[in-house]
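Down below is the structure, laid out as structure tokens.
Along the sequence shown, residues are numbered consecutively beginning with 1.
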Amino acid sequence: PEITGLIVAMVGITVIRLALMNFLGLDSSDQTVHSTELLVAFVTLGLMVGLNVWSKGKLKLFCVLIGMVVGYLLAYATGMISSDQMEYVQKAYLLWFPFKEHPGWSFKLRLLLPFLIAMLCSTLKSVGDLTTCQKINDAEWKRTDMDNISKGILADSAGCISAGILGGMGQSTSSTNIGLSIATGVTSRIVAYAMGFMLIVLGFFPKVSSIFAIMPKPVLGATIIFAVSYMIVAGFQIIMSRMIDARKTFIIGISLIFGLAVDLLPDAFAGVPSWIFPIFSSSLSTATITAVFLNLLFKIGISKKVKMEFEAAMGRIENVTNFIDKNCSIWGARNEVVAKSKNAVIEFLEAVIEYKITDKPIQMQVSFDEFNLDIVLNYHGELLDLPHQHPDTVNILGDKKQQLRLSGFLLRHYCDKITGSIKDGTSSIHLHFEH
């Protein structure tokens with residue numbers, strides 16, 4: 001999750017410079033900010049944000065489109081759309097067949113490694129985009145559905161291969177469109193099918209497409225800022241959905257710093273060999289590769305199963321919960337699952353100590369995978385009753401047996417599944433938590 005979340009956030013962070021340059025109406029040949037461009041930019045962005053925050057229904061649904069239309073009209077009224085641009089639209093073909101010529105194919109061995117690096121970065125970005133899609137479509141989202149991701153990557157690769165065969169550009173998932181989906185709440189496949197059909201049709205009608213090609217820079221910048229705001233926040237939400245320990249802190253922090261260095265210190269990477277340059281071609285690729293490498297490195301020495309032995313005493317409870325915290329943090333378990341597991345162990349220990357169930361050391365084994373957190377408690381003594389029904393509360397204050405049954409009932413309440421067994425005087429309680 002921390003890698004996926006970092007990639008999602010970096011997708012948004014990567015285009016901040018592009019968004020701001022357009023928002024301010026700047027480019028390599030024009031470094032002066034004009035008041036009319038600022039006016040168009042702020043009106044466009046303000047309208048998009050205002051409709052999204054304070055309106056409902058169709059106004060909220062089409063907030064970006066409305067903002068763009070108003071931005072276009074204001075840009076035209078202030079003379080921002082030049083006569084050359086208008087002429088470009090007028091001269092564009094109304095109907096055009098896009099497959100008149102094929103550019104041909106070629107293969108250069110020296111480009112293989114750079115393309116593999118670019119492919120890895122693009123694929124991981126798509127994983128981040130698809131994970132965001134899963135998250136916004138599932139209010140109870142817990143983890144990345146890798147089966148769904150694999151199908152998405154297959155579709156992505158099919159698009160790239162098809163484009164290559166037909167002589168087109170490389171294809172990839174659109175992060176800004178996902179940000180737009182988060183903003184408007186529109187995630188229906190029917191809308192996607194309709195938009196896909198419209199984009200295909202636009203390929204045959206250049207005059208319509210050319211209207212978007214002359215989009216004023218402030219309007220484009222405002223639209224990108226609106227969309228990527230959601231992507232950046234969604235990325236950090238995914239990161240923080242898991243416990244963050246020292247390892248994950250360095251994975252996220254170092255990757256973010258080295259990624260941003262590409263944009264902050266572009267000259268520092270000017271002498272990088274061409275075969276490895278794709279890694280440093282953007283902050284996204286640098287952060288992604290760094291995060292993947294550090295994640296693999298920091299997995300060294302991590303055990304998915306740990307054991308602890310301790311005396312049944314009130315002073316030991318904090319040590320036990322700290323032990324669970326420490327290891328679950330390393331594993332990246334979800335906070336709410338860890339909290340449930342600690343509450344269950346505390347309930348068990350308080351019952352053991354209060355009613356002197358055992359005077360021997362207790363052995364605890366904690367194991368984890370992305371789907372399950374399991375805690376096994378072994379002790380020498382009577383097996384704690386684990387009733388499904390709430391015990392009799394009429395005379396519970398004077399009945400030790402009913403008090404113990406209440407502890408067992410609460411223990412069952414904390415867990416998704418609990419089992420108990422006893423063999424040769426050693427009791428074993430298995431606490432299972434779905435992750």
Side-chain angles (χ1 to χ4, degrees), residues 1-14 112-132 142-146 149-150 153 232 235-265 268-269 271-308 322-335 337-338 366-373 435:
E2 63 274 12
I3 304 299
T4 304
L6 177 66
I7 293 169
V8 172
M10 284 304 300
V11 167
I13 293 171
T14 299
L112 181 60
L113 182 59
F115 264 77
L116 288 173
I117 295 171
M119 177 206 69
L120 175 62
C121 294
S122 178
T123 301
L124 288 172
K125 188 211 69 156
S126 295
V127 171
D129 288 341
L130 294 168
T131 300
T132 307
K142 296 177 181 178
R143 68 184 73 85
T144 301
D145 181 350
M146 294 309 297
I149 292 291
S150 67
I153 297 300
I232 294 171
F236 283 110
Q237 284 178 335
I238 294 172
I239 291 173
M240 301 310 296
S241 68
R242 299 295 191 266
M243 296 180 69
I244 303 297
D245 66 341
R247 296 174 191 243
K248 290 180 174 57
T249 297
F250 286 120
I251 290 173
I252 297 164
I254 292 175
S255 301
L256 188 61
I257 291 168
F258 275 84
L260 293 177
V262 174
D263 290 330
L264 296 175
L265 302 169
F269 303 93
V272 172
S274 59
W275 62 271
I276 201 175
F277 182 75
I279 294 179
F280 305 99
S281 61
S282 75
S283 54
L284 174 61
S285 58
T286 304
T288 298
I289 296 297
T290 304
V292 170
F293 171 75
L294 291 177
N295 186 52
L296 293 173
L297 178 65
F298 287 147
K299 282 186 181 294
I300 297 173
I302 294 180
S303 173
K304 292 295 185 181
K305 185 182 293 185
V306 292
K307 295 181 180 180
M308 178 186 188
N322 287 341
F323 178 80
I324 295 172
D325 259 336
K326 176 184 175 182
N327 287 284
C328 286
S329 179
I330 292 173
W331 294 330
R334 291 192 295 121
N335 295 318
V337 176
V338 178
V366 186
S367 58
F368 175 80
D369 59 38
E370 181 58 27
F371 300 97
N372 308 286
L373 174 64
H435 189 260

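- Shown here for Val338 and Cys328, the closest heavy-atom pair between the two residues is CG2-CB, 3.6 Å.
- Here CD1 of Ile244 is found 12.5 Å from CD1 of Ile330. Values are rounded to the nearest 0.5 Å.
- By the side-chain hydrogen bond (donor to acceptor under 3.5 Å, both in side chains) test, Thr14 is found to be paired with Ser283, residues two or more places apart in sequence or in another chain being considered.
- Of the options Leu297, Thr290, Asn295, a side-chain contact (heavy atoms from CB on, under 4.5 Å) to Ile251 is made by Asn295 and by none of the others.
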Practice task
Give the C-alpha distance, both sets of side-chain angles, the deciding distance and a yes or no for side-chain contact (heavy atoms from CB on, under 4.5 Å) between Val366 and Asn327.
Solution key: CA-CA 9 Å; Val366 186; Asn327 287 284; 5.8 Å; no

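- In this structure, the side chain of Thr286 engages the main chain of Ile279 through a donor-acceptor pair within 3.5 Å.
- Of the inter-residue distances, the one linking Ile239 atom CD1 with Leu6 atom CG reads 5.0 Å to the nearest 0.5 angstrom.
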Exercise for the section: Could you please spell out the steps behind the side-chain contact (heavy atoms from CB on, under 4.5 Å) verdict for Ile238 and Thr132? Expected result: CA-CA 8 Å; Ile238 294 172; Thr132 307; 4.2 Å; yes

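- Here the straight-line distance linking atom CD1 of Ile149 with atom OG1 of Thr144 works out to 6.0 Å at 0.5 Å rounding.
- In this structure, CG on Leu373 lies 7.0 Å from OG on Ser367, to the nearest 0.5 angstrom.
- To the nearest 0.5 Å, atoms CE (Met146) and CG (Leu130) are separated by 9.5 Å.
- Between Leu256 and Met10, the shortest heavy-atom distance links the atoms CD1-SD, 3.4 Å.
- Enclosure of atom CZ in Phe258 is not indicated, since only 12 or fewer non-hydrogen atoms of other residues, nucleotides or ligands lie within 6.0 angstrom.
- Put simply, CD1 on Ile276 and CG on Leu113 are 7.5 Å apart, with the number rounded to the nearest 0.5 Å.
- Among pairs with a residue in residues 240-256, those fulfilling salt bridge (charged side-chain N to carboxylate O under 4.0 Å, His left out) read Arg242-Glu370, at least two apart in sequence or across chains.
- Every residue meeting the side-chain contact (heavy atoms from CB on, under 4.5 Å) condition with Thr123, not counting sequence neighbours, appears here in chain and number order: Met119, Ile153.
- Within the structure, every pair that satisfies the salt bridge (charged side-chain N to carboxylate O under 4.0 Å, His left out) test and touches residues 114-125, not counting sequence neighbours, is listed here: Lys125-Asp129.
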Exercise for the section: Take Asp325 and Met243, measure what side-chain contact (heavy atoms from CB on, under 4.5 Å) needs, and give me the verdict at the end. Expected result: CA-CA 9 Å; Asp325 259 336; Met243 296 180 69; 3.6 Å; yes

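- Using modelled atom types, one finds a donor on one side chain and an acceptor on the other under 3.5 Å when comparing Asp369 with Asn372.
- Applying the ring-ring contact (aromatic ring centres under 6.0 Å, His included) rule to Phe280 yields the partners Phe269; only residues at least two apart in sequence or on another chain are considered.
- Pairs of residues two or more places apart, or lying in two chains, never qualify as salt bridge (charged side-chain N to carboxylate O under 4.0 Å, His left out) while including a residue from residues 288-308.
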Exercise for the section: Please report the C-alpha distance between Val127 and Ile7 in whole Å, then the side-chain angles of each, then the deciding distance to 0.1 Å, and finally whether the side-chain contact (heavy atoms from CB on, under 4.5 Å) criterion is met. Expected result: CA-CA 9 Å; Val127 171; Ile7 293 169; 6.0 Å; no

